[in-house]
J.: 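Below you will find the structure I want to go over with you.
Just so you know, these numbers come straight off a predicted model, no measurement behind them. Order of the sequence lines sets the chain letters (A, B, ...), proteins ahead of strands, with each chain counted from 1.
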Amino acid sequence: MSAPTVPNLLRDHLADLAQNDSRLDGREQFGARELKLETGILPRAEGSARVTMGNTIVLAGVKFQLMTPYPDRPNQGGLMCSCEVRPIAGRHWEAGPPSPEAIELGRVVDRGIRESGCIDVDDLCIIPGEKAWQVILDLHAISDDGNLFDAFALAGIAALRSAIVPAERFEVGQDSPLKVSKKPIMCSYHKVGGRFVYDASYKEELGGDERIHITLGDDNHVHSLQKGLKGIFTADEFEEIMEHAKSRCAELRKIVD
Amino acid sequence: MSAPTVPNLLRDHLADLAQNDSRLDGREQFGARELKLETGILPRAEGSARVTMGNTIVLAGVKFQLMTPYPDRPNQGGLMCSCEVRPIAGRHWEAGPPSPEAIELGRVVDRGIRESGCIDVDDLCIIPGEKAWQVILDLHAISDDGNLFDAFALAGIAALRSAIVPAERFEVGQDSPLKVSKKPIMCSYHKVGGRFVYDASYKEELGGDERIHITLGDDNHVHSLQKGLKGIFTADEFEEIMEHAKSRCAELRKIVD
Amino acid sequence: MSAPTVPNLLRDHLADLAQNDSRLDGREQFGARELKLETGILPRAEGSARVTMGNTIVLAGVKFQLMTPYPDRPNQGGLMCSCEVRPIAGRHWEAGPPSPEAIELGRVVDRGIRESGCIDVDDLCIIPGEKAWQVILDLHAISDDGNLFDAFALAGIAALRSAIVPAERFEVGQDSPLKVSKKPIMCSYHKVGGRFVYDASYKEELGGDERIHITLGDDNHVHSLQKGLKGIFTADEFEEIMEHAKSRCAELRKIVD
Amino acid sequence: MGGYGDVQMIDENGLRMDGRKPGDLRPISIETGVIPVADGSCRMVWGTNEAIVAVYGPMEAHPRKIQRQDRAVIDVAYNMAPFSTTDRIRPGFNRRSREISKVTKDALESVVLLELYPRSKIRVSIEIVSAEAGTRCVGLTAASVALADAGIPMTDMVISVASGKVNDVVVCDLNKEEDNYGEADLPMGILPNTGELVFLQMDGDLSPDEFKQAWDYNVDAAMEVHKLMIDALKGGDN
Amino acid sequence: MGGYGDVQMIDENGLRMDGRKPGDLRPISIETGVIPVADGSCRMVWGTNEAIVAVYGPMEAHPRKIQRQDRAVIDVAYNMAPFSTTDRIRPGFNRRSREISKVTKDALESVVLLELYPRSKIRVSIEIVSAEAGTRCVGLTAASVALADAGIPMTDMVISVASGKVNDVVVCDLNKEEDNYGEADLPMGILPNTGELVFLQMDGDLSPDEFKQAWDYNVDAAMEVHKLMIDALKGGDN
Amino acid sequence: MGGYGDVQMIDENGLRMDGRKPGDLRPISIETGVIPVADGSCRMVWGTNEAIVAVYGPMEAHPRKIQRQDRAVIDVAYNMAPFSTTDRIRPGFNRRSREISKVTKDALESVVLLELYPRSKIRVSIEIVSAEAGTRCVGLTAASVALADAGIPMTDMVISVASGKVNDVVVCDLNKEEDNYGEADLPMGILPNTGELVFLQMDGDLSPDEFKQAWDYNVDAAMEVHKLMIDALKGGDN
């Protein structure tokens, strides 16, 4: 992502709105944009999902490969999560090697899913020491109007939960659904106009400061956190968004089912 | 290749010449530059050729490696064609990763040779599933005064036809000539001054528009086509150059013998 | 390293000093800066050394890996020497792929150590054709005030001589000291103010011309030479610095013990 | 072209494995405005292919060295998503994608009125999210729809179709198996109003007569696709 | 987080394998001015971790496109030396290092008075020459000491500590085995004067109560480290 | 230097495997003007080595940052063609080629009158199309001929030769087997008119006496090669 000069007029406007407890599109501080989740939409992928959050659209696709287990973990397969934001997604995304922003995006989404332990890598073993499944989750942005983090995380877990292990094509047994035992959900907050808002749009990201990403699992267990960008926050601010994340994650978890 | 600003004076001059059915060096529309083909000129290569077309000079060298056949094609070896234009070849060629122009050049020449089926990859198998020959054809430009495509294609097929399989050095049998069953020949045409000409010089390329590359095999079978660069052409224009290509390829096919 | 414009004032000043047989810090032509060599300073490395030469500081660390011997050398392990100068070492060193200067630096230091034959690669074999040690010497600059070449070479041989082969961790026998049979020592000379000086500082390098690196072994055998940068020198000049190198290498060889 | 094998791809009635006659196209659907943040966009589903295209611009061309004083440049990035094929594709540099990006750019620059936007850049991003032979054709055709959707003036649309040969029979609009086991592939880019060409590739083996048949199939198919494009653009400026 | 296993990391007396109580820090030593050619520098030894940090600048920001008209930028390069770990690390590009460099930069830019140096760059180079869990914390903390050593004005220092969970016990300042076999890792970057945060990451699994305990350990530990930093800087400008 | 082995490379009469005496050069032929589109060029065949060199310029130096206000820079690219050796060389980045390009540039910049062409660049491209030990010497020597062919003013030519040691005998101008199985290699770049040096490398093991002998062989050989160069340039400006 190219670094746009900080747009001071936009910052001022966002600060004014915050004073009146409003946002560019009229949402409340923790209001969400309209959300749509569709699965099974990519014919060549073994699992797939499309998430639409306002004008933000992302795709997730799951593919499988056979791998030889690592010598020190002969009973385990692997889960890989790869994240690309290509120029299609917005005029601020450019071709070339991944920017620091894109690397962070991919790693944070990956950690949220992986650290929840939703995929049991022992289940992916076919013949110990010889053959195991590698599950590859590819996240692909189509339209970036802000908050790619949450859109990717949601599309990712939904695609995994829709995936069929293609054992027949690889001649190692019968096809069966991939076992996904948990539903890690990410909620992201951006400091805009001096306070944290939920599900920021691209313009709010552009005129905002730091962001915090929270991934929660069942029983509100914390699986992953990340603070990004320049900015200072207090323990009280964190506690406020953590409270919101607990209720919002619970809502989203139902949608994934 | 760096993108020179379109030289409008040159374009005008080329258009004037075309009006009078002439070219910069006095050739006719489909006239060719003087051509020289030499083989066996590189002592370290198993097959080699040098092609000189006017002031354009290229080398081709063939090397062999042992490979393990791909699991799904246990009876096949491989043919790889690699094409480099390094700064030696002209002041408009620069060091660095291959430009889009160089990538297109390599892929078009490669397809012309590969798609003709002139090398039977089944013949390259030594022990099914275990050992096969990989034939590597490297094309190397020395002096670029235009039409590298045809020079590379001609040097390539000639080098392959001169190649000796180095079985003794690899201790897998007796040396023998590489079997090359066909003679695909490429003819290239550039739109210059509003009409297509054959065997364009570098200045004609610089002041011209689109180009069309035609590779023909025995009995005028078409093996490969490519239109390159910005430009529109009609079916009639294509038919005219296809007719010329048929007769010119027949001439060149004799030279390769 | 970025190429600073040649600082003409500095060159003039250095020429004046040379006229009076002096140097920026008052040293004589062949005077050395204060030298400190410490070994065993990196807890995670199997061998290590820190060399301080005036304000120049470098680290060397030795690691071991198991390798499969090359088919044509079934009884040999390997020695690899890798050299990095990262931005920490000075404001003139920048991030990114290694500059031509850094590549030369690494290759010259590597050759000095490798060509002396101080590590007998036959000794590194564990099971012929199956398992051998690969010794990896990593050189890391911390503070560059000139003459990284000599600092790296000295740290490198000292780190190797302090290394313990970690056979127990790899379950292939008992730990034992790495056998290092020779002590190659490098001395570097820079043409500064029209004459060669020993152990140049960064400012002398900046305002100087060509440099010559000499690596000598036992009995003054020559193991490696390199002339770097633009500049012309005479046979007499070379003989003079070679004489100094013989005596200085003998001194340094004692320090390594 | 993977070569013959013994795969039978045309049945005793002259029909193809998916039931098409030799000259038939696969089903095609076209949708515009699918990317809210883009200046123009198109989703084209063609058989099991799906291409999504965004157009951004005209915008300032940077870096400066790609600028042309007298016209705009088109920057095309064609890419296959990792999950678009049976075997996953590793992301990253890829000569095939670079070449397809270049020939697509060459074709589009032939019809866009570039001289209206000196020193500008028009960015065209083609993502293949599902692939089933002929993706370069689908991508190029969808790109011309997306340019129209963005309101970029063009002399004509570009429609791209690939005919080829399987079991010695010339067929229109190769599907995946026909592409894998067939003997030739001839993709063309055709201007529907004049029948002129801006894109042409071919590889394999076609006799002169077969070549003529494949060419004609492509031209006829282009006219058919053109109608669908006009419908999708609702009587727009083509 | 490598997951449970059967490794017993807390003994019957509630002590950790290296003898620490759950809330204890590893031994820490701090030294400044260790790189003669740098504008500021710090060596921090923390357990068996050793980080060496150099600060260069403020200097002209180039290439031009990274310049900001109204403030300085900080360019952070975090790197692990090849010999810093049990298994050698291959030099070169590495997504983990890029991400740590970025979050470190984000944290430091939150406290440095950037607007004092418009159009400038401050270069911070962090080399981990010995690694034993928590290197990102050691690097960030040492970087804030090196910035102070270079005389760069800051609103506060940054102290970074990681607490986590092993054998279902929350512990402060994870060591290598605890990091490998533990169940969670929560690194934070704390401003000692206000208790505010500029850096936060976490992965693994923590219940709400465990999370609270780990957070509190980090805040307390930061105050302890702060005293050592002040000593090292000899009552400097923090 | 591959090390001893038991390979016998000097026979009972003191002759080498290719029949040369210890001080003899391999056969050398030199041709200029071999690249029609270049400003100067040279093909040098030396034993089974073949180097082709093109010189372009002086021309505007770009990118701007490589420009020097007071002189020209020489941009040298040394490359071995993939088919130049028994085992094919993969094209692409290569530390050995980078280092040889650099030392060749350093040697040529020592003799070219750079200050005549401020802010300019002279491009020297060296392609080794057949390799048989000593390619860096052949490339550097051929480059100085190509510069003369381009009419670039120089204070002197550069002639480069490598002597070395095989079976404990010092020999001139190592061939491939001598280079592979020999014990030392000493390439030097010599100015024939003054005997000064602009290029020097060495690796292996030479006693002080052996070193002296190898050095003398190189100086004598350079004078011999110089005559061939003058002939090739037909009494040109050297």
Side-chain angles (χ1 to χ4, degrees), chain C residues 2-6 8 72-73 76 82-83 97-108 110-117 120-122 182 184 209-239 242-243 246, chain F residues 1-4 65-71 73-74 76 93-103 105-112 114 155-156 158 165 183-191 194-212 214-216 219:
Chain C
S2 63
T5 309
V6 177
N8 287 316
D72 54 336
R73 297 172 182 188
Q76 295 188 356
S82 163
C83 185
S99 62
E101 283 79 8
I103 290 173
E104 186 192 3
L105 176 51
R107 288 179 59 88
V108 170
D110 178 39
R111 278 202 294 266
I113 289 175
R114 178 193 305 282
E115 293 295 335
S116 75
D120 183 347
V121 284
D122 288 332
K182 294 179 186 168
D209 295 298
E210 78 267 29
R211 45 184 166 69
I212 294 179
H213 313 282
I214 300 173
T215 303
L216 299 181
D218 307 328
D219 304 323
N220 291 329
H221 275 222
V222 192
H223 288 313
S224 151
L225 294 173
Q226 178 91 350
K227 179 254 183 180
L229 301 183
K230 169 175 179 292
I232 298 178
F233 63 96
T234 65
D236 287 349
E237 286 177 311
F238 182 77
E239 211 159 311
M242 179 60 107
E243 281 315 303
K246 287 175 185 171
Chain F
M1 301 293 95
Y4 278 65
K65 67 175 177 179
I66 67 164
Q67 272 188 17
R68 296 301 184 89
Q69 289 310 305
D70 55 349
R71 65 171 179 94
V73 295
I74 301 184
V76 174
F93 178 90
N94 178 313
R95 284 178 181 251
R96 177 181 171 276
S97 292
R98 289 285 173 101
E99 190 202 349
I100 295 179
S101 297
K102 184 173 189 313
V103 293
K105 167 201 167 89
D106 291 341
L108 295 174
E109 288 199 339
S110 305
V111 293
V112 169
L114 301 169
T155 58
D156 205 344
V158 180
K165 182 169 69 162
E183 298 114 48
D185 181 26
L186 172 67
M188 287 162 51
I190 296 160
L191 310 192
T194 65
E196 292 170 315
L197 285 89
V198 290
F199 169 59
L200 175 69
Q201 292 190 315
M202 184 263 172
D203 53 52
D205 184 292
L206 288 175
S207 74
D209 285 348
E210 290 165 343
F211 181 73
K212 177 83 175 62
W215 182 289
D216 290 345
V219 172

J.: Shortest non-hydrogen contact from C:Gly231 to F:Ser110?
T.: N-OG, 2.7 Å
J.: Looking at CG of C:Leu229 and NZ of F:Lys102, how far apart are the two atoms once the value is rounded to the nearest 0.5 Å?
T.: 5.0 Å
J.: Check C:Val222 against F:Met202 and note the closest heavy-atom contact, atom names and distance.
T.: O-CE, 3.1 Å
J.: First locate atom CD of F:Glu109, then atom CD1 of C:Ile232, and finally report the distance between them rounded to the nearest 0.5 Å.
T.: 12.0 Å
J.: Tell me, for F:Phe199 versus chain C, whether the close heavy atoms (under 4.5 Å) come from the side chain, the backbone, both or neither.
T.: backbone
J.: Could you walk me through whether F:Leu200 and C:Phe233 satisfy the side chain to side chain contact (heavy atoms under 4.5 Å, CB included) test, starting with their C-alpha distance in whole Å, then the side-chain angles of each, then the deciding distance to 0.1 Å, before giving a yes or no?
T.: CA-CA 10 Å; F:Leu200 175 69; C:Phe233 63 96; 4.0 Å; yes
J.: Side chain, backbone, both or neither: which part of F:Arg98 has a heavy atom under 4.5 Å from chain C?
T.: side chain
J.: In terms of heavy-atom proximity below 4.5 Å to chain C, should F:Leu114 be classed as side chain, backbone, both, or neither?
T.: side chain
J.: Measure from the side-chain N and O atoms of C:His221 to the backbone N and O of F:Asp205, and report whether any donor-acceptor pair falls under 3.5 Å.
T.: no
J.: Counting heavy-atom pairs closer than 4.5 Å to chain F, which one of C:Glu104, C:Glu210, C:Arg107, C:Arg111 comes out on top?
T.: C:Arg107
J.: Mind checking the CZ-CD spacing from C:Phe238 to F:Glu196? Nearest 0.5 Å is all I need.
T.: 15.0 Å
J.: Check whether F:Leu108 gets within reach of chain C through its side chain, its backbone, both or neither, counting any heavy atom under 4.5 Å.
T.: neither
J.: Please find the pair of heavy atoms, one from F:Asp106 and one from C:Lys227, that lie closest to each other, and give the distance.
T.: O-NZ, 4.1 Å
J.: How close do C:Lys246 and F:Pro208 get, heavy atom to heavy atom, and via which atoms?
T.: NZ-CB, 4.4 Å
J.: Distance check, rounded to the nearest 0.5 Å: C:Leu225 atom CG versus F:Leu206 atom CG?
T.: 8.5 Å
J.: What part of F:Ile66 gets closer than 4.5 Å to chain C, counting heavy atoms only: side chain, backbone, both or neither?
T.: neither
J.: Going by the rule side chain to side chain donor-acceptor pair (under 3.5 Å), which residues pair with F:Asn94 if we only count those two or more places apart in sequence or in a different chain?
T.: none
J.: Any chance you could lay out the side chain to side chain contact (heavy atoms under 4.5 Å, CB included) test for C:Gln226 and F:Val103, step after step, and finish with the verdict?
T.: CA-CA 9 Å; C:Gln226 178 91 350; F:Val103 293; 3.4 Å; yes
J.: Under 4.5 Å heavy-atom distance to chain F, tell me which part of C:Asn220 shows up: side chain, backbone, both or neither.
T.: both
J.: From F:Glu99 CD over to C:Leu105 CG, what is the distance, rounded to the nearest 0.5 angstrom?
T.: 10.5 Å
J.: Any side-chain heavy-atom pair from C:Pro100 and F:Lys105 closer than 4.5 angstrom?
T.: no
J.: Please classify the contact of F:Val198 with chain C as side chain, backbone, both or neither, using a heavy-atom distance under 4.5 Å.
T.: both
